[in-house]
Structures are given as C-alpha cells and as structure tokens.
2 protein chains.
Amino acid sequence: MRTVDPVKHAAKKRHITDTAAGLFAEKGFDRTTVADICKAAEISTGSLFHYFPTKRAIFREIFEQDGQDNAEMFVRAKELEPWDAVLMVIDHLCVPALDRSVAGLVLEVVQQASRDPELWELVGHNEQVVRDELAQLLQKAHDAGRIALPVDARTAATWAQGLVDGLFGRLIDPDFDATVQVSTLRLILSRFVGAQAP
Amino acid sequence: MRTVDPVKHAAKKRHITDTAAGLFAEKGFDRTTVADICKAAEISTGSLFHYFPTKRAIFREIFEQDGQDNAEMFVRAKELEPWDAVLMVIDHLCVPALDRSVAGLVLEVVQQASRDPELWELVGHNEQVVRDELAQLLQKAHDAGRIALPVDARTAATWAQGLVDGLFGRLIDPDFDATVQVSTLRLILSRFVGAQAP
DNA sequence: GTCTATACTGGGATAGAC
DNA sequence: GTCTATCCCAGTATAGAC
C-alpha cells in the first residue's frame, strides 16, 4: 500500500547520477548545468529536483559508494602475501586512470572537495583509510623481509598514493598510455621500497 | 605625445593579475567573481574590463610568464653536470608546492586547461618543453654512467614530472609537509633511475 | 511523479558620464 | 582611464497543473 516503489526510485536516481557523472567528467561540475543533465537524462528539471535537493547532492551521490568498494578490496587484499597485496591495491587505484572519462571525474572531485566540506569529509576519509591500510601492508612486508623500506611505512604509503596521483596527472599528455605506464609505476614503487626481485 | 604610459599600464595590469591570482588560488576560477577581483584590487568593473577583455584573459595572463621562467632555468641547468641539473630542475618545479596558496593555483590551472584550449596550448607547450629538456639531461647522465635508466629517457622524464604531480596531489593531506617530502621525492627518483651514491 | 512555466538570483560584460 | 548604473543572460530552484 505504499505509494513509491523503492526499487524503481533507486533505479531512476541511478540513471540520473550515471548521466550526470558523464557530463561532470566531460565539462566539469560548475560548467554542467542542471538543464544539461535533464536534457541528457531525458527528464525535466522539476523531476530532477524531486530526486535530489540540489545539484551538489547529485555529485556527492556519485562518490558515496567508493568507501564501500575500497573496504571490500582491502578484505580481499589481506588474503594475499603483504607485498602482493600492496601491488593489488595499487592496481585497483589505477583502474580509473585507464578510462579517460572516469579520470576527468577524479580531477573534478579533488577540485570540488577542496571547497565543499561535506564532500571533503567523504573523500578525505577515504584517502586516509587507503593510506592507513597501505601503511600496514607495507610494514608487514618490511617485517617479513620482502621489502626494505628506506622511510617509515606511513611516508611510503603516502608516496604510493602520490605515484597514483602522478599517473593521473600525466594523463594530460595525449601520448601518455596509462595502461602501459602502470607497470612503470610498479617499477618505481618497487625500487623505492627496496622490493627484492621475485 | 602618446596617450598611455606603457609602464604604468603594465604595472596596473600586474596589480590586477596578482590580486586575482590570490583569489583564484583560494576559491577557484569559477567561484571567483569579477566583483570579487574588483573589490580586492580596489577598482571598478569598468576599469577592470579596460585592461582585460574577459575574466579568462586575466587567468591566462598569470601563466604567460612561466614559459620564460623555465627557459631561463634550463640555461642555468645546462652549466651543471647532467644529473645535478636534473635535481636542480626538479627542485625548481617543486617550489610552488611549498606555498599552499600557489599550490591551489596549480591545481586550478590543470583543471581549467582541460577545458580552455587557449590556456591548454600555453600550459601543454610548457610541460612538453620541460619534459624534452629533462629527457635530454637524463640521457646525458645515463651516457656518462652517472645513472642507469631502466626505461627510455622520455619515459623517465615523464615520470619525473609525475612525481612532482604526486607531490602536489598529496598536499590535500594537511599533515603532509612538502618541504620535508621534496627530499623523499629525490630519493624515489634517484632509486628509479639507478643513480649511483655520491 | 512528472511535466511546463516561471520566479529569483547572481555574475559577466557594456554604456556613457566625467 | 575610471567610475556608476545597468543590461542581459544563465542557472537553480519552485509552483502548480495534470
């Protein structure tokens, strides 16, 4: 006897976020208008604001699932030998870089997060979780003699993230092939942490 | 018998760009209004548009001098031993990261450049010059036996830039001390290119 | 729940006096 | 060259019919 079908409702929201994500990636948040989103999603503004209170809310929704994704990843990672786990995590973090449109979205979220405290909490927390987990894995690998860290584990973890940032940064060069360069990234990281040859 | 004093004219333009740069760094390009700039620079909008045709033009002007700066740097670098020159260039590229407000501006320009073709040309060209010069220096250092590149010089140069991007990326973490981490960056690069201990 | 139409706001840019 | 006043438009969000 309820008036809304929650499944349909969620599906529609998802349709809107998916459509909006593409536009945000392509044109940026500020330059994407609500009208653009409505046109692309083939709905009216009135309908859109039935599902989301503001434009920003659409943007946030897009990133809300990331935290859970990462949590799942680390569960899987912990079943591996620590250093292999680190490499797996890095690969996972690099995946968005392989798709230019997703990469645009990542650039955008960094930008927006620095000015939207609510979004910042979401993203910043996530980053910190990744860093902490990476630091733990690196420490274990070090203790097991698989790598020989030249700096503390936390710093190393930070720079592992920094290397991923670097990968994204270089996407501005049209000749830069992220698929190929992920292996270079692994080489740099391996040499940095003194990984033994396998 | 000329009606404008070019020196005064340039000084005023400079005053506007300097003022605007601070605001762009702090709030981002899109969220900085022309009114904001005028207020901060203590001029009227009419006056501002006498010096610049559009808001974007102000933004571009800020980065127009970078090319020349870099050219000068490479002239000085070439007087050094190649590997020392590489480290000098890297240090130079890292300088903006040491000042949070300047760092904000760098984030902003990447963002904007991906959507402003004219700005893109400016920035992209500059990046390419840096990469080419770095690649040359790395090749020379390699040939001199000072380093042992595991990849081609161009790829190595690209990743040297990527590491600098990573440094900027990590600035989002408030605990990240760029001054300290520049030395970690040098360590990572040195290990990557197989630099011999001095 | 979805639409059309529109109110309201704010920002970029211009006109024209001084 | 600089100002004030203002135009014009884009964009978010709402009202109210269906």
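Below, all heavy atoms of this structure are taken into account, side chains as well, without hydrogens, waters or symmetry copies. Convention: sequence-line order gives letters A, B, ...; per-chain numbering from 1.
- Contacts between residues 20-42 of chain B and DNA chain D, defined by a heavy-atom separation under 4.0 Å, are absent.
- Among the heavy atoms of the strands lying under 4.0 Å from A:Lys12 are primed sugar atoms or P, OP1, OP2 only; no base atom is included.
- Phosphate contact (OP1/OP2 of D:dG1, side-chain N/O of B:His50, threshold under 4.0 Å): present.
- A:Phe49 has its CZ atom 13 Å from the P atom of D:dA15, to the nearest Å.
- Using cut-offs of 30° and 60° on the angle between ring planes, the pair B:Phe29 and B:Phe24 is tilted.
- Other residues, nucleotides and ligands contribute over 12 non-hydrogen atoms within 6.0 Å of the CD atom of B:Glu81.
- Around the CD atom of B:Glu72, the shell of radius 6.0 Å holds more than 12 heavy atoms that belong to other residues, nucleotides or ligands.
- Rounded to whole Å, the distance from CG on B:Leu48 to C1' on C:dA13 is 10 Å.
- Remark: A:Thr54, A:Lys55 in residues 51-64 of chain A come within less than 4.0 Å of DNA chain D through at least one heavy atom.
- Protein atom NZ of A:Lys13 is 13 Å distant from nucleotide atom P of C:dT2, rounded to whole Å.
- Ring-plane geometry between A:His9 and A:His50 is classed as perpendicular, the angle between the planes exceeding 60 degrees on a 0 to 90 degree scale with a lower cut at 30.
- At D:dC3, one or more side-chain N or O atoms of B:Ser47 fall inside 4.0 Å of OP1 or OP2 (strictly under the cut-off).
- No side-chain donor from either of B:Trp83 and B:Gln196 sits under 3.5 Å from a side-chain acceptor of the other.
- Shown here is B:Gln65, whose CD atom has more than 12 heavy atoms of other residues, nucleotides or ligands within 6.0 Å.
- You'll find that the side chain of B:Ile43 is closest to D:dC3, out of D:dC3, C:dA13, D:dT14.
- Between A:Asp36 and A:Arg31 there is no salt bridge, since no side-chain N of the basic residue sits under 4.0 Å from a carboxylate O of the acidic one.
- Between the side chains of A:Asp143 and A:Gln139, at least one donor N or O sits under 3.5 Å from an acceptor N or O.
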